[in-house]
Each structure stands twice: as C-alpha cells, then as structure tokens.
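Below you'll find the structure, written out as structure tokens, and then a few comments.
Scope of the values below: all heavy atoms of this structure, side chains included, with no hydrogens, waters or symmetry mates.
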Amino acid sequence: MAFTWKEVLLLIFSILMIVIVLLQDSKQDSSKTLTGEKSGLFANQKARGFEVIMTYITLGIAVLFVVFAVLAVAL
C-alpha cells in the first residue's frame with residue numbers, strides 16, 4: 001500500500017504534535033487530583049520563556065495538522 005505525500009505529511013505532523021504536547025509541563029498538580037483540593041495561588045501565572053515557545057509551536061503544528069487533514073480528505 002503506497003502512501004501519498006499528503007498522508008505522509010499528516011502522519012509527520014501528528015507525530016510532531018504528540019511529541020510537542022508530551023514535552024510541555026502540566027499546569028495542574030497531579031498529586032491533588034484524587035482529593036479534589038485545588039490551589040488558586042498560581043492560577044493566573046503567565047507563561048514565560050520555553051513555555052511560550054512551546055505554546056506557539058504547538059499552535060502552529062495544530063494548524064498545519066488541520067490544514068493537511070482537510071487537504072487529505074478534499075483532494
């Protein structure tokens with residue numbers, strides 16, 4: 001079974017998206033998920049440095065993923 005260039009690019013973008021999302025830090029403390037305790041101390045903290053770059057990269061790859069998904073179906 002031969003893949004078209006659109007399917008290959010879609011696969012590459014999906015793998016990149018998974019890797020980028022896994023590299024990001026979680027904004028929630030997972031140790032408090034079972035107790036329901038939630039602290040609002042750092043709720044309004046802005047992302048800086050590496051976090052901002054990763055957010056923009058994730059957004060860009062997500063847009064490319066959607067565009068190539070639509071192209072793969074439409075063409």
Side-chain angles (χ1 to χ4, degrees):
M1 180 170 136
F3 294 108
T4 64
W5 63 273
K6 295 176 284 194
E7 292 170 339
V8 171
L9 283 175
L10 189 60
L11 181 65
I12 289 170
F13 286 132
S14 63
I15 291 171
L16 279 174
M17 178 96 94
I18 291 169
V19 169
I20 293 295
V21 168
L22 288 176
L23 284 174
Q24 292 181 0
D25 287 335
S26 174
K27 292 188 176 28
Q28 294 181 356
D29 188 12
S30 60
S31 65
K32 297 180 182 176
T33 54
L34 295 177
T35 62
E37 182 180 340
K38 184 153 177 138
S39 173
L41 182 60
F42 299 108
N44 295 329
Q45 187 177 14
K46 284 192 163 206
R48 293 183 173 184
F50 183 71
E51 294 175 0
V52 172
I53 293 169
M54 294 300 285
T55 302
Y56 288 142
I57 290 173
T58 305
L59 181 64
I61 291 176
V63 168
L64 289 173
F65 177 79
V66 169
V67 166
F68 278 102
V70 170
L71 284 176
V73 171
L75 298 177

Of the non-hydrogen atoms in [X] and [Y], which two are nearest, and what is the gap between them?
X     : Y     : value
Leu10 : Ala72 : CD2-CB, 4.4 Å
Gln24 : Met54 : NE2-O, 3.3 Å
Ile61 : Phe13 : CG2-O, 3.7 Å

Please answer: with hydrophobic residues joined when any side-chain heavy atoms are less than 4.5 Å apart, are [X] and [Y] in the same cluster?
X     : Y     : result
Val73 : Trp5  : no
Ile12 : Val19 : yes
Ile57 : Ile18 : no
Ile53 : Leu23 : yes
Leu71 : Leu9  : yes

Exercise for the section: Find the distance between CG (Leu59) and CD1 (Ile20) and round it off to the nearest 0.5 Å. Expected result: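 Rounded to the nearest 0.5 Å, the CG-CD1 separation comes to 12.5 Å.
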
Exercise for the section: Measure the spacing between CG of Leu11 and CG of Leu16 and express it to the nearest 0.5 Å. Expected result: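 Going from the CG atom of Leu11 to the CG atom of Leu16 covers 9.5 Å.
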
